[in-house]
Protein chains: 2
Amino acid sequence: MSKELNIEWAIERLKEANYKYTDKREALVRYFVDKDRYLSAKDVQEYMSEQFPSLSFDTIYRNLYLFTELGVLESTELNGEKYFHFACRLSGHHHHHFICKNCGKIKALDVCPMSIMGEQLEGYNVETHRFEVYGLCPDCKK
Amino acid sequence: MSKELNIEWAIERLKEANYKYTDKREALVRYFVDKDRYLSAKDVQEYMSEQFPSLSFDTIYRNLYLFTELGVLESTELNGEKYFHFACRLSGHHHHHFICKNCGKIKALDVCPMSIMGEQLEGYNVETHRFEVYGLCPDCKK
DNA sequence: CTCTTTGCAAAACATTTGCATGCCT
DNA sequence: AGGCATGCAAATGTTTTGCAAAGAG
C-alpha cells in the first residue's frame, strides 16, 4: 500500500463527509502515514509548526478528532494523554497493536482476545474492548 | 473473602511500607472494597466528603496513587479520566476485567490474550499489556 | 518529638469552546 | 457568496506541587 494511496483515501473520506480539503489537513494525514506510529497532539504540533508556524493547537485537536470520527485515525489513551495513529485501510479487519514505549512505533497483532472469551460474558452486553501490548521494539531494545 | 480481611490486608501493606494509618485512608479503602468497581477520583471525593467534609482533592489523589503503588488498587484510563478499583488479594493471579459502562461494576475474566500471542512478538521486549472489555452488566442491560 | 499526612491555594497540563476572520468550493 | 476552517484567547477539567499546619507513631 503506497503512502500516496493512503493519503488520497483519507482525503476522499473528508470529502465524502462534506469536509473541506486544506493543506494543513493533508499535512497532518501525511505525517501519520509517514510515521506509522502512535503520536500525541504535542508530537503533531511540533512537526506541523515547522511547516505552518502559525498553526494553533485548537486546529490540530479539531482535526485529530475529525479524522478519528471519519475512521482515518484511531486513538488510545496513555498516561493522561491521547495518542493517535493512522488506521490503514489495508488492515480493514479488526486487530490490535503492540506499541513501542520508546518510539511509539506500532505492530499489528493478528489475534483478538475476544476469540477465546468463551461463555464468560453470557448475559453481558459487550460493546467494545481494548487490547494493547507495550514494550520495546527490536530497534529500541538495543 | 470477607471485606474486613481485605481492609486489614490493605492497612498491612500501608504499614509494611512505613506509611501511616489514618481514618481517611481506611475509609478510602473501605469504599473500594464495598463497591468493588471502577471509580474515578471524583466518585471517591463525592463519597468521602460525606464523612470528611473538609477532605480535599489532593489528599484523595495522593492516596489513590499511594495505594496504586502499594498494589492495593489498580487503575485504568477512560475518556481522559483515571479509574481505580480494589486489587483483591484473592485474585492474586493475573487477570483482566469486564467493566460496565453504566455502573462501573467489574467482572474478572480468566483469560489473558498473551496466552495466544504465539511467536508474533519474537524479537520484541514485551513489558506490559492492557485488556479490558466494556459494555453493560446484566443489571444495567435491562 | 519527629516525620508523615493533610488542607489550601496555585500551578501545570491536556483539551475544549466562542467568536471573529479567512479560505475552500 | 456561503459555509466550513482557522487563530486567538479564554475556559474547562483533571491532576500535580509547594508550603505551612495538624496528626500519627
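Reminder, nothing fancy here: chain letters follow the sequence lines and each chain counts from 1.
As a whole-Å value, the separation of A:Leu66 CG from D:dA5 P is 7 Å. Protein atom CD1 of A:Ile60 is 12 Å distant from nucleotide atom P of D:dC8, rounded to whole Å. Between the C1' atom of D:dG13 and the NZ atom of A:Lys82 lies a distance of 11 Å, rounded to the nearest Å. Put simply, CE on A:Met48 is 12 Å from C1' on D:dT6, counting in whole angstrom units. In this structure, B:Lys24 atom NZ and D:dA22 atom C1' are separated by 9 Å, rounded to whole Å. One interatomic measurement links the two molecules: CD of B:Glu77 to P of D:dG13, which rounds to 19 Å at whole-angstrom precision. To the nearest angstrom, C1' of D:dT12 lies 16 Å from CG of B:Asn79. Between A:Lys15 atom NZ and D:dA5 atom C1' the separation is 15 Å, expressed in whole Å.
Remark: B:Arg13 does not engage B:Glu8 in a salt bridge, criterion side-chain N to carboxylate O under 4.0 Å.
The residue B:Tyr19 sits close only to the backbone: its heavy atoms come under 4.0 Å of sugar-phosphate atoms, none of a base. Here B:Arg25 lies in heavy-atom contact (under 4.0 Å) with sugar-phosphate atoms only. When heavy atoms are screened at a 4.0 angstrom cut-off, A:Ser40 is found touching no nucleic acid atom at all. Residue B:Ser56 is in base contact, counting any heavy-atom pair closer than 4.0 Å across all strands shown.
When the side-chain nitrogen and oxygen atoms of A:Ser54 are compared with OP1 and OP2 of D:dG7, one or more of them lie within a distance under 4.0 Å. Of the side-chain N and O atoms in A:Thr59, none sit less than 4.0 angstrom from OP1 or OP2 of D:dT6. A:Lys20 has no side-chain polar atom (N or O) that falls below the 4.0 Å cut-off from OP1 or OP2 of D:dT6.
Under 3.5 Å, the side chains of B:His85 and B:Glu74 contain a donor-acceptor pair of N or O atoms.
Under a 3.5 Å cut-off, the side chain of A:Glu26 and the backbone N or O of A:Tyr21 do not form any donor-acceptor pair. With B:Glu77 contributing its side chain and A:Gly80 its backbone, the two residues share a donor-acceptor pair below 3.5 Å. One N or O on the side chain of B:His96 and one on the backbone of B:Phe131 form a donor-acceptor pair closer than 3.5 Å. Remark: the backbone N or O of A:Ser40 is paired with a side-chain donor or acceptor of A:Asp43 at under 3.5 angstrom.
Aromatic ring pairs are classed by plane angle as parallel below 30°, tilted from 30° to 60° and perpendicular above 60°; the pair A:Trp9 and A:Phe86 is perpendicular. Between A:Phe98 and B:Tyr124, the ring planes are perpendicular. Angles over 60° get that label, and only those under 30° would be called parallel. Between A:Tyr61 and A:Tyr65, the ring-plane angle classifies as parallel under the 30° and 60° cut-offs.
Along DNA chain D, the nucleotide closest to B:Tyr65 and the one closest to B:Tyr21 are compared, and the more 5′ of them pairs with B:Tyr65. Residue order along DNA chain D, read from the 5' end via each residue's closest nucleotide, puts A:Asn18 first among B:Gly80 and A:Asn18.
Nearest to the side chain of B:Lys42, among D:dG7, D:dT14, D:dT15, sits D:dT14.
In the helix from C:dC1-D:dG25 to C:dT25-D:dA1, the rotation axis of the first five pairs and that of the last five pairs differ in direction by 40°, rounded to 10 degrees.
Here the range on DNA chain C touched by chain A, meaning any atom under 4.0 Å from one of its heavy atoms, is C:dA14 to C:dT25.
The shortest side-chain heavy-atom distance between B:Cys103 and B:Arg37 falls under the 4.5 Å cut-off.
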